[in-house]
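One-based numbering, in listed order, for ligands and for the atoms of each.
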Amino acid sequence: MRLFIDSANLDEIREAHSWGIISGVTTNPSLVAKEGADFHQRVRDICQVVQAPVSAEVTATEAPAMVEQGKRLADLDENVVVKLPITPAGLAACAALTALGIDTNVTLIFTANQALMASLAGARYVSPFVGRLDDIGQDGIQLVQTIRDVFDYSFMPEQRRAEIIAASIRHPVHIERAALAGSDIATCPFSVLKQLFRHPLTDAGIEKFLSDWKQANPQT
Ligand code: G3P
């Protein structure tokens, strides 16, 4: 499973990218609004940092306007992926942008049927929201597993199908479990990516190695 960062903050994206573990970036209107930056400029800046798929979401609600916004976003950089909501208009825009050779990420997926429709409409990615399902007492990881099974049953191995991006990731356990459920990608907030390094025995081990070294080499 690959890891994307779910952020519109350039410092976070730069730092996570420096670790060598990031294969893409996802943003959404809430994340961009938090930054207070010009949307198009921020998408360009992110594309300069990562040179990998960068999802940027449309805010129009009718298909023709979504397609126009999507085309403008795709013109910003060859790695832009147009993010669209799973609505009839969003799927129509997905089909139209796919026909133009523009990659899409269909978002706000909460059922396997929504994911199946998005894949049939040509989406390059589908984004089930794991944490938001958990928040309402449902099992977000089970949705990822169900989408994996539906895709594997519905498409021949050589047929194009969307890649699954487990989104709305809240903690490290979500990441491990998304991988085991067959997700292609997990898109994670910077705070969760940082948590992946942490283990009390790692911290204690580093402290012990360094203090042993210092004791034997007091001059260094
Ligand atoms: O970018 C979409 C998704 O990851 C949002 O997550 O934490 O707002 O549910 P969250």
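- Looking only at side-chain heavy atoms (C-beta outward), Asn105 and Thr26 come within less than 4.5 Å of each other.
- Listed by number with element, the atoms of ligand 1 under 4.0 angstrom from any heavy atom of Asn28 are 1 (O), 2 (C), 5 (C).
- Listed by atom number, the atoms of ligand 1 under 4.0 Å from Arg132 heavy atoms are 5 (C), 8 (O), 9 (O), 10 (P).
- Side-chain contact annotation: Arg44 with Gln41, donor-acceptor N/O pair under 3.5 Å present.
- For atom 6 (O) of ligand 1, the nearest protein heavy atom (residue, atom name, distance) is Ser168 CA, 3.3 Å.
- Note: Phe190 and Trp19 have parallel aromatic rings, judged against thresholds of 30 and 60 degrees for the angle between ring planes.
- Contacts between Lys83 and ligand 1 below 4.0 angstrom, taking non-hydrogen atoms only, involve the side chain exclusively.
- For Asp11 and Arg14, the salt-bridge test passes: some basic side-chain N is under 4.0 Å from an acidic carboxylate O.
- Atom numbering of ligand 1 starts at 1 in the shown order; those under 4.0 Å from a heavy atom of Arg170 are 7 (O), 9 (O), 10 (P).
- Residue Thr187 has no N or O atom closer than 3.5 Å to an N or O atom of ligand 1.
- Residue Val130 is found in a hydrophobic cluster whose other members, listed by chain and number, are Ile86, Leu91, Val106, Leu108, Ile109, Phe110, Leu116, Met117, Leu120, Val126, Phe129, Leu133, Ile136, Ile141, Leu143, Val144, Ile147, Val150, Phe151, Phe155, Ile164; membership requires side-chain heavy atoms under 4.5 Å apart, directly or through intermediates.
- Atoms of ligand 1 lying under 4.0 Å from any heavy atom of Asp6, numbered from 1 in the order shown and given with element: 1 (O), 2 (C), 3 (C), 4 (O), 5 (C).
- Screening Arg148, Arg161, Arg124 for a salt bridge (Lys or Arg N to Asp or Glu O under 4.0 Å) with Asp184, the sole residue that qualifies is Arg148.
- We find that Asp38 and Arg42 are not joined by a salt bridge, their nearest charged nitrogen and carboxylate oxygen being 4.0 Å or further apart.
- The ligand atoms of ligand 1 that sit less than 4.0 angstrom from a heavy atom of Ala167 are 4 (O).
- Between Thr26 and ligand 1, no pair of N/O atoms sits closer than 3.5 Å.
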